[in-house]
There are 2 protein chains.
Amino acid sequence: MTNIRDLAREAEVSVTTVSRVLNDHPYVAEDKRRAVRDAITKLGYIRNQTAVQLSTGQTKTIGVMLPYVDHPYHAAILHGIAQCAFEEGYRFLTWQTNYIASHEQTVLQALAQREVDGLIIVSHSLSVDEILRYEQYGPIVFCEHHEDVSSVYINHYTAFQSGLKTLQSFGHTQIGICLGRPDSTNSRARKQAYQDTVAPADTAWIYQQALTIEDGADIARQWSNQSCRPSALLTASDHVAAGIILELRKQGYRIPEDLAVIGFDGSDLAVVLNLTTVAVPYETIGRQAFSIAISDNWRDHPQIEIPTALLSGLTAVEVKE
Amino acid sequence: MTNIRDLAREAEVSVTTVSRVLNDHPYVAEDKRRAVRDAITKLGYIRNQTAVQLSTGQTKTIGVMLPYVDHPYHAAILHGIAQCAFEEGYRFLTWQTNYIASHEQTVLQALAQREVDGLIIVSHSLSVDEILRYEQYGPIVFCEHHEDVSSVYINHYTAFQSGLKTLQSFGHTQIGICLGRPDSTNSRARKQAYQDTVAPADTAWIYQQALTIEDGADIARQWSNQSCRPSALLTASDHVAAGIILELRKQGYRIPEDLAVIGFDGSDLAVVLNLTTVAVPYETIGRQAFSIAISDNWRDHPQIEIPTALLSGLTAVEVKE
DNA sequence: GCTTGCCGTGAAACGCGTTCCATACATTAC
DNA sequence: GTAATGTATGGAACGCGTTTCACGGCAAGC
């Protein structure tokens, strides 16, 4: 493997001059520049990126911590990150943590070990304090709202509230909700929105641990066995909504007549099922998170709230008396 | 930032000994080992991974080239890669190319520049020959079948044939197909299967450029305007199938009575729509591709064929006369 | 008693590009 | 005419961990 010292010898210049040519620095005479270029071609030189990284102390790489790369919304955030990274000449390393604390530690360790210049945390199970201990090593941007932390987020409180108010405006008073991981920041905000908007909350109408299509089907069965049921359900994700709808249709119920359902995400599933859903611009979240991660004002802990929009479908329509 | 020389000074040993302790090398006396460990704690030393990479010439990183990170099947492959990478102590860099040649070049360049130890090519637009020119710099594994190339793939010919034969076994003789990118390896194999199985092929029943839900809806409109229509359709993906089914239902057609539809992928959409589909174990593809990329027999160009399975749903059932 | 071989340790070279600092000449400014 | 700038170039240090080689000590083998 030829290196810049070989080039210098071949072109009869110093390594400094070679480096200057490589980096398009001015202050190199045209003939020497050409000599170096010729040497590069002749020897088939290719820059060793690792050496550049060691020398400059920059990896031009951002790390991404997320639980699952193949979940639609996380993939959408990743898509935004990928676009932005390419535009800026950055790469990104993805770590799939499955919400396992030790895996998340590995990611933080990577920041400390200077494998990446910064970190985007899409979702996590470690405490924010624990994560922030690593902020001394570089920018850490969350895709969730936390106080005094760089973050790009949607306001789950208002987003959930808009879903609930939509159901209310359609005449529903018996409204239930589905939540994902019970103790996540998002779930807490959503629960609060529920308690503030549809008070007093009946805990039997809060369905926990709703994450997948299967969870949705479970909830549907739970619902159909209840003596006192809600007439409308705001779910935690389109997947859950899909599971509910499919299971209930299988059981002969009609949507939205027997149960109005609103999803969350604005995914492909929503299109297919003509689902009313709270659309979240995940791609934008990814893009914004990336730009904070590479900006130099990340120490100011910028916070960017991304608005959501209610997407009308047929699974929640006005109740006809 | 403290480095191993600082540690050596603090622990009053040589840098070699420090390095040995760091790498759990034997041949270090217990007291010196402890002295180094103490120094590490005292000075808060953290290994600089970039320096390790430069020194060892290994990045312990695999690059992944794919067109879109947020397409379900690519994300599923990524999921497999992510799992395997974590287990093996590797990281992976993802490049989203959008099938743009210059972007794909960037990825190949990264291999040459030793940013990654190897490359997994999920899908590409550059020619195989062009890509293989970079094999001198490290392993390149394809997730598609090509001769004399390391690859993990599903046999699109037999997979498509199984779909076509299923339709035939249900009594269909008027069978059409949807293809994705016209000149991709996959499309060619699929077309061949079609021509061999449902001969003679009517080109009016080959719908090209079928990639998204919207494309599916377009095809549905095309189909409904044809005077001579197929009674069954084998699509290129569940997305396309979903688009077709939704558009036709909107127009008042019944599935599968008016048109039997089989999807491809075995995605969430298939579950939701109760779609008959050719299920592909994408995760397995990712895992296998990864293990080839880090194995040392990649120069033998191992080829691994992954089997597919037909998943029965309600969108293609026996034709009742 | 002498050779082999294992254990333990360190100096120095290596991988490779970047950059600080010094030097030298050519302009431009006052 | 002299001082201040700008252009061009190179030597050497730097970032930092790994690894080769050499060497001293000690125990087992014959």
Side-chain angles (χ1 to χ4, degrees), chain A residues 1-37 39-40 43-61 89 109-117 137-138, chain B residues 1-37 39-40 43-61 89 109-117 137-138:
Chain A
M1 291 281 100
T2 84
N3 58 36
I4 56 167
R5 273 159 247 266
D6 299 330
L7 287 183
R9 202 172 311 121
E10 176 72 26
E12 297 183 312
V13 295
S14 70
V15 291
T16 313
T17 302
V18 175
S19 178
R20 288 213 183 89
V21 173
L22 252 25
N23 294 294
D24 287 319
H25 190 281
Y27 293 1
V28 178
E30 206 40 57
D31 57 329
K32 306 225 171 189
R33 195 180 293 274
R34 195 162 40 244
V36 172
R37 293 244 164 86
I40 290 174
L43 302 182
Y45 169 77
I46 296 175
R47 228 256 251 351
N48 183 326
Q49 199 58 37
T50 307
V52 177
Q53 285 177 19
L54 176 61
S55 194
T56 59
Q58 274 202 15
T59 60
K60 284 274 185 181
T61 304
Q109 205 59 24
L111 179 64
Q113 293 183 168
R114 284 154 255 156
E115 281 190 72
V116 294
D117 293 343
Y137 301 111
Chain B
M1 291 279 98
T2 84
N3 58 35
I4 56 167
R5 273 158 247 267
D6 298 332
L7 288 183
R9 202 172 313 120
E10 176 72 26
E12 296 181 312
V13 295
S14 70
V15 290
T16 313
T17 301
V18 174
S19 178
R20 289 213 183 89
V21 173
L22 251 25
N23 293 294
D24 286 321
H25 189 282
Y27 292 1
V28 178
E30 204 42 55
D31 57 328
K32 305 223 172 189
R33 195 180 292 275
R34 195 162 39 244
V36 172
R37 294 244 164 85
I40 290 173
L43 303 182
Y45 170 77
I46 296 177
R47 244 249 236 13
N48 183 327
Q49 198 59 35
T50 308
V52 177
Q53 286 177 18
L54 176 61
S55 195
T56 60
Q58 275 203 13
T59 59
K60 285 275 185 180
T61 304
Q109 205 59 25
L111 179 64
Q113 293 182 170
R114 285 158 241 141
E115 280 190 71
V116 293
D117 293 344
Y137 302 111

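This structure is a prediction, so every number in the text was calculated from the model and none was measured. So that the names make sense, note that chain A is the first sequence line, chain B the second, and so on, each numbered from 1.
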**Report entry** Distance, rounded to the nearest Å, where B:His25 contributes NE2 and D:dT18 contributes P
**Finding:** 12 Å
Query raised in the report: Among D:dG10, D:dA8, C:dT19, which nucleotide sits nearest the side chain of A:Thr17?
Result: D:dG10
Requested in this report: Report the distance from atom CD1 of A:Ile40 to atom P of C:dG17, rounded to the nearest whole Å.
Outcome: 10 Å
Query raised in the report: Between C:dG15 atom C1' and A:Gln53 atom CD, what is the distance in whole Å?
Result: 14 Å
**Report entry** B:Asn3 versus B:Arg47, side-chain donor and acceptor atoms under 3.5 Å
**Finding:** no
**Report entry** Backbone of A:Thr59 reached by a side-chain donor or acceptor of A:Thr61 within 3.5 Å
**Finding:** yes
Query - Upstream residue (5' side of DNA chain C) when B:Ala51 and B:Glu30 are each assigned their closest nucleotide - result: B:Glu30
Query raised in the report: Which nucleotide, D:dC16, C:dG17, D:dT9, lies nearest any side-chain atom of B:Asn3?
Result: D:dC16
Query - Distance (rounded to the nearest 0.5 Å) between A:Lys60 NZ and A:Gln53 CD - result: 11.0 Å
Report summary line: When rounded to whole Å, the CG to P distance for the pair A:Asn23 and C:dC16 reads 17 Å
Query raised in the report: Nearest to the side chain of B:Lys32 - C:dT19, C:dG10, D:dC16?
Result: C:dG10
Requested in this report: Please check the phosphate of D:dT18 (OP1 and OP2 only) for any side-chain N or O of B:Arg47 closer than 4.0 Å.
Outcome: yes
Requested in this report: Would you check if A:Val21 and A:Arg37 make a side-chain contact, meaning some heavy-atom pair closer than 4.5 Å?
Outcome: yes
Query raised in the report: If you measure from CD1 on A:Ile46 to CE on A:Met1, what distance do you get to the nearest 0.5 Å?
Result: 7.0 Å
Report summary line: Rounded to whole Å, the CG-P distance (B:Asn48 to D:dT18) equals 10 Å
Query raised in the report: Between atom OH in A:Tyr45 and atom P in C:dG15, what is the gap in whole Å?
Result: 14 Å
So which protein N/O to nucleotides 11-14 of chain C N/O distances come out below 3.5 Å?
from   : atom 1 : to      : atom 2 : distance (Å)
C:dA11 : N6     : B:Thr16 : OG1    : 2.7

Requested in this report: Indicate yes or no: does A:Asp31 engage A:Arg34 in a salt bridge with an N to O separation below 4.0 Å.
Outcome: no
Query raised in the report: Mind checking whether A:Val18 and A:Ile40 have side chains closer than 4.5 Å, heavy atoms only?
Result: no
Query - Spacing between A:Asp31 atom CG and D:dT7 atom C1', to the nearest angstrom - result: 14 Å
Report task. Describe the nucleic acid contact of A:Val28 in one word from base, sugar-phosphate, nothing, applying a heavy-atom distance below 4.0 Å. Result -> sugar-phosphate
Query raised in the report: How long is the line joining CD of B:Gln49 and P of D:dG15, in whole Å?
Result: 19 Å
